[in-house]
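Single-structure report; data block below.
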Amino acid sequence: MANIDTVLIRQLVILVLILFSCINIISKGVQAKEDDHKVTNIGAVIDVTSRTGKEEITAMEIAVQSFNNKLNNHGLSFYVQSHGKDPMLAAAAGINSVAAEKLIKENNVTVIIGLETWELAAPVAEIGTRARVPVLSFTAPSITLPLSALRWPFLAQMANNDSEQMTCIAAIIRSYGWKKVIAIYEDETYGGDSGKLAVLIEALQDIGSEIEHTLVLPPISSLSNTKEVMQEELMKLLSLESRVFVVLKASSVMTIHLFEEAKNMGFMGRDSAWIITDKITTYLDSFNTSIISSMAGVFGIKTYYTENSSEYESLYGQFKQVFRKKYEDEDNFEPGIYALKAYDAIQIITEAMEGMINTNISSKQLSEKILSSNFTGLSGEIQFERGMLSQNPTSRIVNVVGKKYKELDFWLPSFGFSRSLVNEETEHDGNTAQGLYGQVTWPADLNQVRNPKGWAMPTNARPLIIGVPGRTSFEKFVKVKNESNQNEEPEGYCIDLFKMALEVLGYDLPYKFVPHFSTYDDLVRCVHNKTFDAVVGDITILANRAELVEFTQPYAESGLSLIVPAKSEESAWMFMKPFTWEMWMATGAMLIYTMFIVWFLEHRSNPEFEGTWKTQIGTAMWFTCSSLFFAHRENVRNNFTRIVVTVWLFVSLVLTSSYTASLSSMLTVNKLKVNVTDIEFLKRNNLKVGCDRDSFLRNYLVDVLQFKSENIKTINNQDSYIGEFEKKHIAAAFLELPYEKVFINNYCKKFSATTPTYRFGGLGFMFHKGSPIAMDFSKAILTLSEKGALKELEEKWFAPSPECSTGVTDNRTERLRLHSFWGLYIISGATSTICFFLFIIKIIKDQYRSNTSPRNNSIWSKAIRLARFIYQGQQINFAIDQTRPQLPEIVGRGSPRWKYSSPDAAENHVAASSEAADVEMLYIPGG
């Protein structure tokens, strides 16, 4: 029996050993199989309750399954941790960090992907850096953080900062001329919203616009009564004028409540404009038709991706089938941009692991391989630079219409709006200012033709409150007829101009005039602090005022004019006025010189110029002076004289014509003579001056022109200036150019004005800073000016008085000056001088020819004889025989009454004189 038990025990031991051997062999086989098939664990931190999260999970599951089907020796395991229903609450509570740590510790994940917002990605990136686990986020901070690649070396951001997107929004705002916007965002942590706001502010500054107000909404998870809170927040916007709203960041639930209440409170009116960023635009695919209809007219920025590739079509079919099966409650089963990013994220990981399947890859190597990815995915170009995508994606501008949205233009980075994906140079070299090419549907008005003003436009219930100056020095511009009855409209040039501009605007503008009895600077402050919506009146455009308010195009030029008393310039010596004294002196000198030349050339041979000294001078002067009026009767014999006289007659013609015209002008146009010539004269003599009471001129005279304050007297109205001048209280008055014209038109006989040397910006209307109404009025004023309507209105209100309608000039009428005639004098003088010397040469030459037996004689004697000949008209023999007695003169001086009866007689006389010269030698007395 014992032997039997021993045998059984031995057999049992052998059986156990055999069993252990089999188990060991089987386990080794399983282990070998496991070694041949490696598995990489991927973790995802996603909000599984949101539409975006559902798309991402579905796309990643399809990508993982596709990868696992291709490779037999390697596989991907996919683990999901949800950060909660509210991503902002999850970020604040740190749930996403816990989810990431759980994936690393419990599921031993190699890579973490997901994270739709930066406030979720930032803490997970910190954990990934500490655990040396690569993190792929679908978002990036709005502003590129300094040294982010060093701070998070294991973070790869499948996105870009918001710079390009905010540039696109700014371009939309610029193209429609909106100057002020309201920024709206839902409060979050990690600076996600403030970063977007900062980038938007910078983009708006580049185009000359600004953010009027920032509405920060509380997190949706913190609200117990969302509708009531939303109404309270939107009520803050009713007092603002801007109606351009840019929604930077909001959850899908907050977006629904925001637009529903905005529509109920009238913020979706015809002059409103709404722009949403790309994240909010992705919600449109998941919103039902009732929510979409409350967003009609909204602009959206949507990341563009192609739908024509075979890869997309393959994913599209699988995605639609899987998504419909898993989420039957969803209305839309098509993949969005975040689904494509999730699919590309799996591809990034698989491509990073390819070629390293049979080796042990470290986290650092995997991270480097991920960051070195370079391929074209379904969401766009995948290439990283400093931890984020290197290329900004192309965007598409969408417009919500009815219960859906339509796609408008493309936004190409560094180019602008475009009809197509090609950078066409013909499209304004990147259209950023001409507006969108596509037809835009605006809020509340599907048939609206004009673009919205982006401004709270006046209505009958809330008309435009327009301030008008209650007291003005010149009432032709603005006049409040009844101070006690403010319902009575004011009148004047400015009021009529305003009403004419209204007709040009093309839209209704309810308004109400409110007189304001204070200074013009106070009116500027009233517009700035929004007591008035606008001011219509004679407001001068100045640099310091333009910083506070928006001015229209000036309707009248403005400058500083000096008004001084004047009296008529008529006098007994008016006939001397046409020429300046230099002109009179030059004319007299030329007259005397011409007289001498005529006498010299004619007195030898022309008996009309003979006689005593007095007779010769009188005849020559009479001839020259009478030639001024072409009344001379004396004949001229010498050809040189004829040349001189011809030029002199031309000079006389020009001088007499010019003198007659100038004197006629002086006698027919009333001229005024002033004692005060310029500003320095007033300051130098410490004289008092006047200016308008409510104008800026008093400070201008003190600060800029350096007048003493005690020498400046403020004057209430136009008529008071006359009394102040008559009482000698002021020596001059300073008025702006428009007022000077009105004043001189009424008192042209008593006062004169100087040309303005100090210029201002002109007269214009005032509106709130950034008001589009100001721009419309500017266009209307330009239109009226081009049509001549402003000229007609000026003639109606500023017509001169009857006594001033004939034309009045001041004392600066130009007199005839020497510089205008010196050319004539040079020609006349040169002609006379040349003729004089030619005549002298001819005389000397003729005398040398007539002498056959020349004798030696001194040069001095010859000069004396030549001078006597010039005076006495005697013929000279330069070779005189001193020993021979003098003979009577053959050619003596005839009687003054002696005349040449004919040219033949003159020739006989010359011949006889020549023969006598050949026969006799003449002796000159004293010679």
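- With contacts defined as side-chain heavy-atom distances shorter than 4.5 Å, the pair I301/I172 qualifies.
- To the nearest 0.5 Å, atom OG of residue S310 and atom CG of residue L315 are 11.5 Å apart.
- Donor-acceptor pairing under 3.5 Å is lacking for the side chains of N161 and S163.
- Between the CG atom of D776 and the CG atom of L509 there is a distance of 9.0 Å, given to the nearest 0.5 Å.
- Using a distance-only test at 3.5 Å, with no hydrogens or angles considered, a donor-acceptor pair links the side chain of T552 to the main chain of F765.
- Within the 4.5 Å cutoff, the side chain of Y185 has no heavy atoms near those of the L200 side chain.
- Annotation: R462, atom CZ; neighbour count of heavy atoms from other residues, nucleotides and ligands within 6.0 Å does not exceed 12.
- Ion pairing between K263 and E260 fails under the 4.0 Å rule for side-chain N and carboxylate O.
- In the model, E164 has a side-chain atom that pairs as donor or acceptor with a side-chain atom of W411 under 3.5 Å.
- Checked against the 6.0 Å centroid threshold, F767 and F777 count as a close aromatic pair.
- In N225, the CG atom is crowded: over 12 heavy atoms of neighbouring residues, nucleotides or ligands sit closer than 6.0 Å.
- P452 is listed as a side-chain neighbour of W178, based on a closest heavy-atom distance under 4.5 Å.
- One N or O on the side chain of R396 and one on the backbone of L408 form a donor-acceptor pair closer than 3.5 Å.
- Side chain of N399 to main chain of V298: a donor-acceptor pair is present (N/O by atom type, distance under 3.5 Å, no hydrogens or angles).
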Checking salt bridge (charged side-chain N to carboxylate O under 4.0 Å, His left out) for the pair K279/E186: CA distance, chi angles, key distance, verdict? CA-CA 13 Å; K279 176 64 177 178; E186 187 176 358; over 6 Å; no
Going through the distances and angles, do L234 and L215 end up as a side-chain contact (heavy atoms from CB on, under 4.5 Å)? CA-CA 8 Å; L234 291 177; L215 180 63; 4.1 Å; yes
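- A distance-only check finds no donor-acceptor pair linking the side chain of E261 to the backbone of M230 [under 3.5 Å].
- No more than 12 heavy atoms of other residues, nucleotides or ligands shown are found within 6.0 angstrom of CE on M235.
- Looking at D187, its side chain never comes within 3.5 Å of a backbone N or O of V216 through a donor-acceptor pair.
- A donor-acceptor pair under 3.5 Å is formed between the side chain of S390 and the backbone N or O of Q383.
- For the pair K54 (side chain) and K326 (backbone), a donor-acceptor distance under 3.5 Å is absent.
- Contact detail for E56 and A342: the closest heavy-atom pair is O-CB, 3.6 Å.
- Look at K787 and E503 and you find no salt bridge, because none of the NZ, NE, NH1 or NH2 atoms lies under 4.0 Å from a carboxylate O.
- Between the side chain of Y555 and the backbone N or O of L790, no donor-acceptor pair lies under 3.5 Å.
- Of the charged side-chain nitrogens involved, at least one lies within less than 4.0 Å of a carboxylate oxygen, so that K196 and D162 count as a salt-bridged pair.
- The closest side-chain heavy-atom distance from I113 to I346 is below 4.5 Å.
- Inter-residue side-chain proximity for W274 and V400 is flagged as unmet; no heavy-atom pair is nearer than 4.5 Å.
- Residues Y304 and L421 meet the side-chain proximity criterion, which asks for heavy atoms closer than 4.5 Å.
- Between the side chain of D409 and the backbone N or O of I397, no donor-acceptor pair lies under 3.5 Å.
- Between M166 and L248 the shortest side-chain heavy-atom distance falls below 4.5 Å.
- The shortest side-chain heavy-atom distance between D285 and E334 does not fall under the 4.5 Å cut-off.
- In summary, the aromatic rings of Y327 and F333 are positioned with their centroids too far apart to meet the 6.0 Å limit.
- Without hydrogens or angle criteria, W455 side chain to K180 main chain gives no donor-acceptor distance under 3.5 Å.
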Show, in sequence, the C-alpha distance, side-chain angles and deciding distance for F384 and L389, and conclude whether the side-chain contact (heavy atoms from CB on, under 4.5 Å) test is met. CA-CA 4 Å; F384 295 97; L389 292 181; 4.0 Å; yes
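- Using bins of under 30°, 30° to 60° and over 60° for the plane-to-plane angle, the ring pair F319/F323 lands in the parallel bin.
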Go through the steps for L505 and L502 under the test side-chain contact (heavy atoms from CB on, under 4.5 Å), then give the verdict. CA-CA 5 Å; L505 289 183; L502 281 179; 3.8 Å; yes
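- Of the candidates V440, I173, V398, T281, F299 forms a side-chain contact (heavy atoms from CB on, under 4.5 Å) with just one, namely V440.
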After noting the C-alpha distance and the side-chain angles of I466 and F498, does the key distance pass the side-chain contact (heavy atoms from CB on, under 4.5 Å) rule? CA-CA 11 Å; I466 301 177; F498 173 77; 3.3 Å; yes
